[in-house]
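Chain letters run A, B, ... following the sequence lines, proteins first, then strands; residues in each count from 1. Nothing here was measured: the structure is a model prediction, and the numbers come from that model.
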2 protein chains.
Amino acid sequence: MIETVSPTGPGPQPEPAEEASTRERILDIALELFTEQGYEKTSLRQIAERLGFSKAAIYYHFASKEDILFELHLRVHEFGRGVLSEIDPAEMSPAAWLALLDQLVGQILGHRALFVLHERNRAALDELHRERHDASHEDLDVLFRQVLANPAIAARDRVRLACTLGAVMGALVLTGDVFSDVSSEELGALVKDAARDLLAPGS
Amino acid sequence: MIETVSPTGPGPQPEPAEEASTRERILDIALELFTEQGYEKTSLRQIAERLGFSKAAIYYHFASKEDILFELHLRVHEFGRGVLSEIDPAEMSPAAWLALLDQLVGQILGHRALFVLHERNRAALDELHRERHDASHEDLDVLFRQVLANPAIAARDRVRLACTLGAVMGALVLTGDVFSDVSSEELGALVKDAARDLLAPGS
DNA sequence: GTCTATATAGGGATAGAC
DNA sequence: GTCTATCCCTATATAGAC
């Protein structure tokens, strides 16, 4: 599954200097097409065409199509990690959850395209996840699911959490660009308000 | 794009009598595989294998792979229509929205697998929708998006609606089977409570 | 770093036997 | 209603020239 693509090395490493590398351009186009059409439906030829060179050239930069998706997945993962690091899985107070979701809202607003990609390609990404159980893979999704499935928490609270998470997703990633006329700041504030109403202890 | 599959007719019509038809079994397996693996990743051979016959046999029942997806889509659509029929697009009061979402919760709980399929195959279904703009296609999604994009509505309310819809989706379709230990009735009631809290006028 | 050419596999779909 | 056999196409991926 892992192979070098050239006799001397695995392609361009993240070099120090400035350079809007071809690798980065491939990832940009892939992000766009994978999101629009879906991962499986998108061909490497299609990506190459957009960039003005041939399909085979991509293999200089990536060992496989899956690797492109994986690289994009890793980025979502990094941003998710920022959220994750502030979490004590044992600590389940509404206040802690609100703080977590506030962070999440910020991350999504900052890297929305990546989260949309993730949401629209769950099947492909689930498979990736299955195949590469190696990397330090503590997923945000996994954490959420653990909490939501925890029988020690009251059903009402579990459902509340799912709804709150859904509310964030609903307003920020499931809705296409219907809020393109609303500023990120306002959108984020409104979503956080909604989350607060859902998790308010007295509600 | 439309072709008959046998010299004398388009395959088995919905006949009056009892008959857990092969056609239905194909749809069941397809629903399962399309949801798990995604539409594009699922091959007809795979579906046929599960049913114990060969790939070509499917073509007696469906003119194309896309037609299988379309048939499943039509069913989501029927159930969505039940919700749609009660809607006056001009009427946007929170109460009306709550009633709409209550209906939606009921439909999702009754046909959850179809909604999950829909959610996990947006790309493929969007394309279907693009290609077949013929059929009486007033989609629930389309209606929602129209409302959410309507500039005549205050941004706060638009976001609230998106959050509420997201809350419903989050608890009922995005979360896998984490609530399999909660009864449909309880789950539905809890979700409706959350929706109420989000749309409450004074919140 | 990108090319052409090619290997290889699998997909959807059709024809015609049974 | 299901089969086998086949067609045709496109996909990923590799080899090797430039």
Integer-rounded Å distance: [N] [atom2] and [X] [atom1]:
X: A:Arg45; N: D:dC9; atom1: CZ; atom2: C1'; value: 12 Å
X: B:Leu44; N: C:dG12; atom1: CG; atom2: P; value: 4 Å
X: B:Leu51; N: D:dC3; atom1: CG; atom2: C1'; value: 15 Å

*Between B:Glu186 and A:Arg158, is the closest basic N to carboxylate O distance under 4.0 Å?*
no
Sorted by number, residues from residues 30-41 of chain A placing a heavy atom under 4.0 Å from DNA chain C are none
Across all chains, not counting sequence neighbours, the side chain to side chain contact (heavy atoms under 4.5 Å, CB included) partners of B:Asn150 are B:Ala152, B:Ile153
By side chain to side chain contact (heavy atoms under 4.5 Å, CB included), A:Ala56 pairs with (sequence neighbours left out) A:Ser54
Within 45° cone and under 6.0 Å: A:Lys41 NZ/CZ vs B:Tyr39 ring: no
Applied to residues 143-181 of chain B, the ring pair (Phe, Tyr, Trp, His ring centres under 6.0 Å) test, sequence neighbours excluded, yields B:Trp97-B:Phe144
Closest non-hydrogen atoms of B:Arg23 and B:His61, given as atom of the first, atom of the second and distance, are NH1-O, 2.9 Å
Checklist entry - With no angle test and no hydrogens, is the base of C:dG11 tied to the side chain of B:Lys65 by a donor-acceptor pair under 3.5 Å? => result no
Going by atom type alone, with no hydrogens or angles, which donor-acceptor pairs under 3.5 Å involve a side-chain atom of residues 162-173 of chain B and a protein atom two or more places apart or on another chain?
| residue | atom | partner | partner atom | Å |
| --- | --- | --- | --- | --- |
| B:Thr164 | OG1 | B:Arg160 | O | 2.6 |

Just call it for B:Ser43: base, sugar-phosphate, or nothing, with non-hydrogen atoms closer than 4.0 Å on any strand. sugar-phosphate
The reported gap from CG in B:Asp141 to NE2 in B:His129 (rounded to nearest 0.5 angstrom) is 8.0 Å
Of the listed C:dC3, D:dT12, C:dG12, the closest approach to the A:Lys55 side chain comes from D:dT12
Below 3.5 Å is the cut-off: list the nitrogen or oxygen pairs between protein and nucleotides 15-18 of chain C, distance only.
none

